[in-house]
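Read the structure below first, then the notes.
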Amino acid sequence: FLITLVIVILSVSLFTVHRYFRIQFKLRKQAEDVNAELVKTQNYLVKSEEKYKNLYHLSPDAIVVFEKSGTIISYNESFVRLFGYSVGELNGKSIFTIVSDNYLDLAHSYFDEIQKTGAIENKENWLKKKDGTIFLSLFSVSTMDNDRIEHICIIKDISEIHNMQENLKEAANTIQE
C-alpha cells in the first residue's frame with residue numbers, strides 16, 4: 001500500500017510539475033509576443049513622430065503651437081520667415097503678440113471658439129510681424145490633447161490675394177463709371 005501511495009504522490013507531483021512548466025512556457029511565450037508587439041508599436045510611433053516633425057519643419061506654411069492658456073511653445077522655420085522673429089524668441093509669449101492691435105477683439109473671439117469647440121478652420125485676421133508690418137492672414141487651429149492640451153495653428157499670408165481682390169473691385173467700379 002505504501003508503495004502505491006508513493007507512486008500516486010510521485011505521479012501527482014510529476015503531473016503538477018509538468019503542468020507548471022507548461023503554464024510557465026505559455027506565459028513566457030505570451031510575454032515574448034507582447035514584447036514583440038510593444039517593439040513594433042514603438043517603431044511605428046517613432047516613424048510617425050518623424051513624419052510629423054518633417055511636416056512641421058518642412059511645411060511652407062507658418063505653424064505655431066501654443067498652450068491652452070495662449071502661451072507660445074514653438075513654431076517652425078516658415079513662421080520665422082513670415083514674422084521675422086528668431087527661433088525661440090516668442091516661446092513663452094502670448095499668441096496675441098502676433099495679432100494687430102486693432103483686431104485683438106476678433107482674435108479673442110476666435111480664441112474663445114477654440115476653447116469651446118477645439119478647432120476653427122479658414123478664419124481671417126490681421127496679424128503683425130516683428131517689424132510692425134500688418135498683413136491679412138488665413139489660419140486654422142486644431143487641438144492636440146497630449147499629456148497637456150495644446151493647439152496647433154497653421155497660418156497663410158493672404159495679403160496679396162486681398163490686395164488683388166481690392167484692385168479688381170476698384171477696376172470694376174472704374175469701368176462702371
Side-chain angles (χ1 to χ4, degrees), residues 33-172:
D33 291 348
V34 167
N35 191 36
E37 196 61 35
L38 279 174
V39 167
K40 198 164 128 182
T41 301
Q42 284 175 331
N43 289 337
Y44 174 79
L45 286 173
V46 166
K47 287 178 183 177
S48 179
E49 185 177 346
E50 287 174 11
K51 286 179 188 176
Y52 286 111
K53 279 183 180 178
N54 284 337
L55 284 172
Y56 177 80
H57 290 292
L58 299 176
S59 172
D61 295 324
I63 299 175
V64 59
V65 178
F66 57 96
E67 294 176 339
K68 184 178 182 179
S69 64
T71 302
I72 295 173
I73 299 170
S74 68
Y75 43 89
N76 68 356
E77 188 60 36
S78 295
F79 182 96
V80 169
R81 283 191 300 276
L82 178 60
F83 285 92
Y85 290 97
S86 61
V87 174
E89 186 175 352
L90 286 178
N91 290 355
K93 303 259 193 301
S94 170
I95 191 66
F96 298 106
T97 303
I98 62 170
V99 177
S100 169
D101 296 340
N102 295 335
Y103 293 89
L104 281 170
D105 288 341
L106 180 59
H108 282 285
S109 71
Y110 288 151
F111 190 79
D112 291 343
E113 187 178 342
I114 294 164
Q115 301 302 324
K116 290 177 189 166
T117 65
I120 57 174
E121 290 183 35
N122 298 321
K123 300 292 184 177
E124 292 183 3
N125 202 356
W126 292 88
L127 303 181
K128 67 179 173 189
K129 300 179 181 188
K130 183 178 181 177
D131 67 6
T133 304
I134 306 297
F135 68 97
L136 184 60
S137 69
L138 179 71
F139 63 94
S140 296
V141 179
S142 178
T143 300
M144 302 181 299
D145 193 355
N146 304 343
D147 51 340
R148 62 183 183 190
I149 294 177
E150 298 173 347
H151 305 292
I152 185 164
C153 178
I154 300 172
I155 304 168
K156 286 184 173 286
D157 179 349
I158 60 167
S159 53
E160 283 185 32
I161 295 169
H162 174 74
N163 292 339
M164 283 190 255
Q165 287 173 338
E166 292 299 314
N167 290 341
L168 286 172
K169 286 179 190 175
E170 286 177 23

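This chain uses plain numbering: 1 for the first residue, then up along the sequence.
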Which distance, rounded to the nearest 0.5 Å, do you find between the [atom1] of [X] and the [atom2] of [Y]?
{"X": "Leu106", "Y": "His108", "atom1": "CG", "atom2": "NE2", "answer": "10.5 Å"}
{"X": "Lys128", "Y": "Ile98", "atom1": "NZ", "atom2": "CD1", "answer": "10.0 Å"}
{"X": "Ser86", "Y": "Lys130", "atom1": "OG", "atom2": "NZ", "answer": "5.5 Å"}
{"X": "Phe96", "Y": "Thr71", "atom1": "CZ", "atom2": "OG1", "answer": "10.0 Å"}
{"X": "Ser48", "Y": "Asn43", "atom1": "OG", "atom2": "CG", "answer": "12.0 Å"}
{"X": "Met144", "Y": "His151", "atom1": "CE", "atom2": "NE2", "answer": "9.0 Å"}

With side chains defined as the heavy atoms from C-beta onward, is the minimum distance between [X] and [Y] less than 4.5 Å?
{"X": "Cys153", "Y": "Val141", "result": "yes"}
{"X": "Ile155", "Y": "Val64", "result": "yes"}
{"X": "Asn91", "Y": "Ile73", "result": "no"}
{"X": "Asp33", "Y": "Glu37", "result": "no"}
{"X": "Ile149", "Y": "Thr143", "result": "yes"}
{"X": "Leu90", "Y": "Lys93", "result": "yes"}
{"X": "Leu82", "Y": "Phe135", "result": "yes"}
{"X": "Glu150", "Y": "Lys68", "result": "no"}

Other residues, nucleotides, ligands: >12 heavy atoms within 6.0 Å of Lys53 NZ: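 Result for NZ/Lys53: open.
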Donor-acceptor side-chain pairing of Thr97 and Tyr85 below 3.5 angstrom: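 No, no side-chain donor-acceptor pair sits under 3.5 Å.
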Backbone of [Y] reached by a side-chain donor or acceptor of [X] within 3.5 Å:
{"X": "Tyr52", "Y": "Lys47", "result": "no"}
{"X": "Ser137", "Y": "Lys156", "result": "no"}
{"X": "Thr117", "Y": "Glu113", "result": "yes"}
{"X": "Asn76", "Y": "Ile63", "result": "yes"}
{"X": "Ser100", "Y": "Trp126", "result": "no"}

Under 3.5 Å, sequence neighbours excluded: what are the donor-acceptor pairs made by side chains of residues 157-171?
unit_1 : atom_1 : unit_2 : atom_2 : d
Asp157 : OD1    : Ser159 : N      : 2.9
Asp157 : OD1    : Ser159 : OG     : 2.6
Asn163 : ND2    : Ser159 : O      : 3.3
Asn167 : ND2    : Asn163 : O      : 3.4

Proximity of Phe139 and Tyr110 rings by center, below 6.0 Å: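 Yes - the distance between ring centres of Phe139 and Tyr110 falls below the 6.0 Å cut-off.
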Aromatic contact, Tyr56 with Phe79 (centres under 6.0 Å):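 No, the ring centres sit 6.0 Å or more apart.
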Leu127 versus Phe83, closest heavy-atom pair with distance: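 Closest pair (atom of Leu127, atom of Phe83, distance): CD1-CZ, 3.8 Å.
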Shortest non-hydrogen contact from Ser78 toward Ser59: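 Shortest heavy-atom separation between Ser78 and Ser59 comes out as OG-O, 2.5 Å.
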Trace of the ring-ring contact (aromatic ring centres under 6.0 Å, His included) decision for Phe66 with Tyr75: CA-CA 9 Å; Phe66 57 96; Tyr75 43 89; over 10 Å; no
